[in-house]
Amino acid sequence: MASYVASLMEEVKAKNPAEPEFHQAVHEVAESLALVFEKRPEYRSAKILERIIEPERVIIFRVPWVNDRGEVQVNRGFRIEMNSAIGPYKGGLRFHPSVNLGLLKFLAFEQVFKNALTTLPMGGGKGGSDFDPKGKSDMEVMRFCQSFMIELFRHIGPDTDVPAGDIGVGGREIGFLFGQYKRLANEFTGVLTGKGLNWGGSLIRPQATGYGSVYFAAEMLGTRGETLEGKTCLVSGSGNVAQYTVEKILDMGGKPVTLSDSTGYVFDDAGIDRDKLAFVMDLKNQRRGRIKEYAEKYKSAVYVDVDPKRDHDPLWDHKADCAFPSATQNEINAKDAANLLKNGVYVVSEGANMPTVPEGVLQFLDAKILYGPGKAANAGGVATSGLEMSQNSMRFAWSREEVDQKLHTIMKNIHARCAAVAQEFGTPGNYVTGANIAGFMKVADAMLDQGVV
Ligand code: NDP
């Protein structure tokens, strides 16, 4: 089986050159699946994994727009429609200068398995642009979003492909995108999720990824008869996922002590309480400032700049019990993983997608800590997007408590399913194999039923 994975990876690299994140994501899944292929050879003969690796459709388009100085700007737009075996394509849009084809293919690939784990009928997709919303005026962001949607609208629809937010795409951007879709399609449908509450959005959707990742951590701790009460928690990022991760840690009695952005991080030994979190939410969501201002306001905190010459991220080098990486891919390198273990961290719940490099994942698995990989731990966001789709279809809205309850139940079920499958395939406690195999089998069985398409 090792030779199958090796030859598959050779082919993936040859066919998809210069896409390191995509190679990394495929390799991790393929390694886990070696356990399945021995029991279910029909998956191999039907070339299920080879088909899942190949996107059903990739759309790349020009996004021209005019900035406030009247200058023409050109960005590149993407939508990867990866797999629709169990439902319409579903996955976020990322606006960040680092966006390219390979990055979005990795995210779309992960999304296929994650969406399957939620138990809701959603296929996998991802999209975005190399546009950087940072430093742009609201009018510039609006003109960009409108131009982006002028092309994207012909490829999406409530039963075809339903995008959502991701890095750089929050409530403001979803509003501009939805407004333009509605104008072009001349219909009011649930074509995007993460919408505003008074025009079709779901309560708890903004909170869902962060809350879900903390619910997942609580479930993992539950297997050892423990809770988050009194636990010191390291959180990275300060965007959507990080903010609501901090909020839910506080709800559960934990003590968050760090937050970051792409320029640096803050460590607050006194803990980030609700007032401080409100300050961060205003700083990041309204004033769109830098996390450094936190340490200027709260003297209990220290701020450390990013230094590209460092071989590790000092955020992960503090004494703690739990870590919630919630910024971006590969933000925990091998040295960071070693530092986390050295500092006593024994719970890692990934709010971000693939935030730990493969060598780091191996260290966590070898140390037998409670490690929840992103495709399971952060599935609460897309699950609640699925709940938003259901509410839109029913033209009905559930209460905050109802949605939160459903989200909590989904996260418990994802945890239970990953744990059970890991056990069934001989890797008890390994949520990586559990998530990869459980997600894969649901999609694979649907593909077998539907023939060679
Ligand atoms: P936001 O744009 O709201 O926040 C992202 C945060 O991460 C910001 O603090 C940002 O800092 C920081 N960040 C982004 N890129 C980098 C980088 N290259 N280096 C250092 N810091 C960086 O995004 P989200 O909170 O929505 O997303 C965070 C992660 O969670 C991503 O991996 C995303 O894919 C994942 N995720 C999000 C879901 C959602 O529902 N939103 C669902 C599932 C997963 P700065 O502002 O300086 O760029």
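Residue numbers run from 1 in the order of the sequence given. Keep in mind it's a predicted model, so treat the numbers as computed, not measured. All ligand and atom numbering here is 1-based and tracks the order in the structure.
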Return each pair, listed once, that meets salt bridge (charged side-chain N to carboxylate O under 4.0 Å, His left out) where at least one residue sits in residues 376-404; pairs must be two or more places apart or across chains.
->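 Counting only pairs at least two positions apart or across chains, the salt bridge (charged side-chain N to carboxylate O under 4.0 Å, His left out) contacts touching residues 376-404 are Lys195-Glu388.
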Ligand-residue contact atoms, ligand 1 with [X], heavy atoms, under 4.0 Å:
X	answer
Ser238	9 (O)
Arg205	40 (O)
Ala352	29 (C), 30 (O), 32 (O), 35 (C)
Arg94	31 (C), 32 (O), 33 (C), 34 (O)
Gly237	9 (O)
Ser260	9 (O)

For Phe148, the option from Phe78, Phe95, Trp65 that meets ring pair (Phe, Tyr, Trp, His ring centres under 6.0 Å) = Phe95
Under 4.0 Å from ligand 1, counting heavy atoms only, is it the side chain of [X], its backbone, both or neither?
X	value
Arg290	side chain
Thr209	side chain
Pro355	neither
Gln329	neither

What's the shortest distance from [atom] to any protein heavy atom, and which residue and atom give it?
atom	answer
atom 14 (C) of ligand 1	Ile167 CD1, 4.0 Å
atom 48 (O) of ligand 1	Lys134 NZ, 3.0 Å
atom 41 (N) of ligand 1	Asn240 OD1, 3.6 Å
atom 25 (O) of ligand 1	Val241 N, 2.9 Å

Is a side-chain donor-acceptor pair under 3.5 Å present for Gln286 with Asp282?
->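 The criterion, which ignores hydrogens and geometry beyond distance, is not satisfied for Gln286 and Asp282.
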Can you tell me if Asn436 and Lys375 form a side-chain donor-acceptor pair at under 3.5 Å?
-> yes
Measure from atom 6 (C) of ligand 1 to every heavy atom in Ser262, Gly351, Gly239 and give the option owning the shortest one.
-> Gly239
Heavy-atom nearest neighbour of atom 28 (C) of ligand 1 within options Ser98, Ser236, Ala327 = Ala327
